[in-house]
Each structure stands twice: as structure tokens, then as C-alpha cells.
**Q** 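Pasting a structure below so you can have a look.
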Amino acid sequence: MNKIKNIGVLTSGGDAPGMNAAIRAVVRAGIYYDLKVTGILRGYEGLVQADFIDMDRKSVANIIQRGGTILKTARCDSFRTPEGRKKAYDNLIANNIDALVVIGGDGTFTGANVFIKEYDFPVIGLPGTIDNDLAGTDFTIGYDTAINTVVSAVDKIRDTAESHNRLFIVEVMGRDSGLIALRSGIGAGAEAILIPEVETGMDDLISRLEHGRKDKASKIIIVAEGDEIGGAFHIGETLKDKFPGYDIRVSVLGHIQRGGSPSCMDRVLASRLGVIAVEGLLNGHSGEMVGQLDREVVYTPFDQAIKHINIEEASPAWLKLIEILSL
Ligand code: ATP
């Protein structure tokens, strides 16, 4: 007989559009299966501080369309310590919480993995991050919205770039992963995309610009913040020296990439995976992220899910598309 009666749910790490849709799905699935659902505020910080709220059907009404997370999120240093995790465990036991759904990215799953090894406590993860940098799911919750936000911002930048014959360097989020830059760059018709996974180098970029068509009214270069060349402003300065004839501008998109109403794709992904997470816990799953690969639901152990280096998309083959398409 399954002993799970009360499921805790939290959002952790960077916020992502669709986290609310995921919370809603976990709460409604919990109620559907006659469980109590406890909301944990501010990620692992709320676990350590016992900041808990009872969730009911109405507490997740009218949130599927909202960006951010109603449970708030935080980075929590004390959960990185054995003492902090002990407090978290004691709080779970004291509040009769039998299992957890954690919604977040690789750091969140790394923390959950350490916790499970110490306390053998059931935890399922939902991929909630704009970065799409998790193995075991084609897309993470929030990624689709974020790349659409970037594309719509770059479309606007393109209008002004065309009018002034400017070259724009647009920096997008992605400290370790270039997947936001990659898809949004293709979608926005960029001339070049610079991502941390593939070493392009300034010489390559200069050569691309030297050999590219000179008669284009505007050029857009998309750079992931973690690219090894060193940020949009640095690239801008170097290109200004090399191409004094270019009118070069830099735009750092920043936090607008996290906000906004989630796309339908993100809402559906969050809704489906949220329900499966609760069902997975009831069926004895733990220590795994629930993802979707080729439309199928897939459970991936946390230590595998966080290996984003295995994601093939951030590759020279994808960047070649840009070389061909920007002719
Ligand atoms: P995003 O990728 O969107 O930023 P994330 O889940 O990777 O999301 P992090 O800030 O890296 O965000 O991690 C969230 C939290 O997970 C940390 O604040 C910390 O509390 C916990 N955590 C991360 N790594 C560990 C670890 N090695 N041990 C224990 N806890 C950890």
C-alpha cells in the first residue's frame, strides 16, 4: 500500500514562465488522488525555515497564465550544508509531508540528489528553467516562452537596425548553455550566434563579417552571456576597432527573458508533467526528473538529467544552419 498522503511542492533556482502552471497541475493532481498538498515558499529556503502553506483547489485558480511563481523562489545556501538539510528533513517529518515535487533546474536537482542520498526521502523533479539545459527532456518548462520573448525583442531591434544600417550585438541569457541563443538566433534571422559550447573566437567572427554580404541594411549577432569571447560590450568594442565604418550597438536583454505569460507549449508541458510527477510519486518513483522526449513521458535520474553537456543541439552542425541561412 502506498504511504504517501501529503506532497510538498516548491519552485527553486531561477524563475521560469510556466512554473505556476506546474504548481497548479501538482496541486490539482494531488487533490484528484485524495492527497494533501503543501506549498513550500522560496524553494529550499522555505524547507529549511518551515515556511509552509496548505494548498487547495482555489489557491491555484487563475494562475496558469501568469509568469513567475506564486510560491516564490530563492537561492538557498544553507541547503548546501548537512545542518541545513537536517533542518529541512526535520521540518518535513514534523509537518507530515511524505514526498516532494521540486520544480527547478540543475542546481535544484543536484540539491535534491544529495538530500535523497542522506534521508531516503521521495523526490520527483520537474524541469523548470528557461535555459533548456537538462538532459531527459526535449524542452524545459519556460524555454519556449523565453525564446519567443527574445525573438520578439530582436524583431523590434531589427526595425531600428534596418533604419540606421546598424550592426547590433544582442546578449541573451545562458551562462553555461547557449540553447536560448541558438534557437532565438535562428528564429530571429541572426548573422552569427556565439554560444559557450562551441568555440567560435573573435577571428572567426571577424572573418564572417569580412566575407559576408556588405549590402545588408542590418546585421544581428546573438551572443549567450557565457560565451568565451567575453560579453556583448567587449565584442562591440573589438568590432568597432576592426570595422570603423560599421555603426555598432549593443543590447543586453536581461531579465525580460524570464518574465511574461507562458506560451501554450509551456503551459501544456507544465500541466502534463505536473500530473505525471504526482502519479510517479504514487507509483514509487523517486530521485528522477519527469521529462518529455519525442512526446513520451520519460523519467531520468537526477545525476543524468543535469548532464547538459550531452545535449547534442548546441553543436557546430546547428551553427552551420546560421552560416547557410545568413547568406
Ligand atoms: P536555474 O538553472 O534556472 O538557475 P537552478 O535549479 O540550477 O535553476 P540554482 O540556484 O543553481 O538554480 O540551484 C537552486 C538551489 O539548489 C540552490 O540555491 C541550493 O539551495 C540548491 N543546490 C544547488 N546545488 C546544491 C548542492 N550541491 N548541494 C545542495 N544543494 C544545492
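Both counts, for ligands and for their atoms, begin at 1 and track the order of listing.
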**Q** Between Arg183 and Glu313, does any side-chain N to carboxylate O distance fall below 4.0 Å?
**A**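 The answer is yes: the pair qualifies as a salt bridge.
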**Q** Using a 4.0 Å cutoff against the non-hydrogen atoms of Gly105, which atoms of ligand 1 qualify?
**A**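 Those atoms are 5 (P), 6 (O), 7 (O), 8 (O).
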**Q** Taking the side chain as C-beta and beyond, is there a heavy-atom pair between Ser286 and Ile124 under 4.5 Å?
**A**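 No, too far: nothing below the 4.5 Å cut-off.
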**Q** Below 4.0 angstrom from a heavy atom of Phe79, which ligand 1 atoms are there? Numbered from 1 as shown, please.
**A**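 With Phe79 as reference, the close atoms of ligand 1 come out as 20 (O), 29 (C), 30 (N).
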**Q** Of all the atoms in ligand 1, which lie at a distance below 4.0 Å from a heavy atom belonging to Thr129?
**A**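 Going through ligand 1 atom by atom, the ones under 4.0 Å from Thr129 are 2 (O), 3 (O).
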**Q** Would you mind running through ligand 1 and noting each atom that sits below 4.0 Å from a heavy atom of Gly14?
**A**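 Those qualifying, in numeric order: 1 (P), 3 (O), 4 (O), 8 (O).
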**Q** Which residue holds the protein heavy atom closest to atom 11 (O) of ligand 1, what is that atom called, and what is the gap in Å?
**A**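 It is Gly107 CA, 3.5 Å.
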**Q** Of all the atoms in ligand 1, which lie at a distance below 4.0 Å from a heavy atom belonging to Arg75?
**A**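 Those of ligand 1 that fall under 4.0 Å from Arg75 are 4 (O), 9 (P), 10 (O), 12 (O), 18 (O).
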**Q** Tell me, which protein residue and heavy-atom name are nearest atom 6 (O) of ligand 1, and how many Å apart are they?
**A**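 Sorting protein heavy atoms by distance from atom 6 (O) of ligand 1 puts Thr108 OG1, 2.4 Å first.
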**Q** Is the shortest side-chain N to carboxylate O distance from Arg249 to Asp247 below 4.0 Å?
**A**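 Yes, charged N to carboxylate O under 4.0 Å.
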**Q** Give yes if a backbone or side-chain nitrogen or oxygen of Arg175 is under 3.5 Å from a nitrogen or oxygen of ligand 1, and no if not.
**A**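 Between Arg175 and ligand 1 (N or O atoms, distance only) the closest approach is not under 3.5 Å.
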**Q** In the protein, what heavy atom is nearest to atom 19 (C) of ligand 1, and what distance, to one decimal place, separates them?
**A**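 Looking at atom 19 (C) of ligand 1, the protein heavy atom closest to it is Cys76 O, 3.3 Å.
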**Q** With backbone taken as N, CA, C and O and side chain as the heavy atoms from C-beta onward, which portion of Tyr44 lies under 4.0 Å from ligand 1: side chain, backbone, both, or neither?
**A**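 Looking at Tyr44 and ligand 1, just side chain atoms fall under 4.0 Å.
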**Q** Just distances here: any N/O of Thr110 and N/O of ligand 1 closer than 3.5 Å?
**A**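 No; the residue has no nitrogen or oxygen that sits under 3.5 Å from a nitrogen or oxygen of the ligand.
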**Q** Checking a contact table here: which protein heavy atom is nearest atom 24 (N) of ligand 1, and how many Å away?
**A**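 Answer for atom 24 (N) of ligand 1: Arg80 NH1, 3.3 Å.
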**Q** Using heavy atoms and a threshold below 4.0 Å, how should the contact between Asp133 and ligand 1 be classified: side chain, backbone, both, or neither?
**A**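 No part of Asp133 comes within reach of ligand 1.
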**Q** Give me the ring orientation class for Phe79 and Phe115: parallel if the planes are under 30° apart, tilted from 30 to 60°, perpendicular past 60°.
**A**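 The arrangement is tilted - the two ring planes meet at 30° to 60°.
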**Q** Would Thr137 and Gln292 count as having a side-chain donor-acceptor pair, cut-off 3.5 Å?
**A**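 Short answer, no.
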**Q** If we only count heavy atoms from C-beta on, is the Val37 to Asn6 side-chain gap below 4.5 Å?
**A**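 The answer is no, as the side chains (C-beta and beyond) never meet within the 4.5 Å cut-off.
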**Q** So which protein heavy atom does atom 30 (N) of ligand 1 come closest to, and at what separation?
**A**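 Among all protein heavy atoms, the one nearest atom 30 (N) of ligand 1 is Gly111 CA, 3.3 Å.
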**Q** Between Ile157 and Ile222, is there shared hydrophobic-cluster membership here, with clusters defined by ILVMFWY side-chain heavy atoms closer than 4.5 Å?
**A**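 Looking at the clustering, Ile222 is in the same group as Ile157.
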**Q** Would you mind listing which atoms of ligand 1 come within a distance below 4.0 Å of any non-hydrogen atom of Asp106?
**A**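 Every atom of ligand 1 under 4.0 Å from some heavy atom of Asp106: 2 (O), 6 (O), 7 (O).
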**Q** Measure across Met55 and Ile23 and return the closest heavy-atom pair with its distance rounded to 0.1 Å.
**A**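 Smallest interatomic distance, heavy atoms only, reads CE-CG2, 4.0 Å.
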**Q** May I ask you to list the atoms of ligand 1 that are less than 4.0 angstrom from any heavy atom of Asp131?
**A**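 Once the distances to Asp131 are compared, the set is 2 (O).
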**Q** Relative to the heavy atoms of Ser12, which atoms of ligand 1 are at a distance of less than 4.0 Å?
**A**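 Near Ser12, the atoms of ligand 1 are 14 (C), 15 (C).
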**Q** Within a radius of less than 6.0 Å around CZ of Arg66, do more than 12 heavy atoms belonging to other residues, nucleotides or ligands occur?
**A**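 Check fails, neighbour count at 12 or below.
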**Q** More than 12 heavy atoms of other residues, nucleotides or ligands under 6.0 Å from CZ of Phe243: yes or no?
**A**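 Enclosed: over 12 neighbouring heavy atoms sit under 6.0 Å from CZ of Phe243.
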**Q** Crowded around Asp241 CG? As in, over 12 foreign heavy atoms under 6.0 Å?
**A**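 It does: Asp241 CG has more than 12 such atoms within range.
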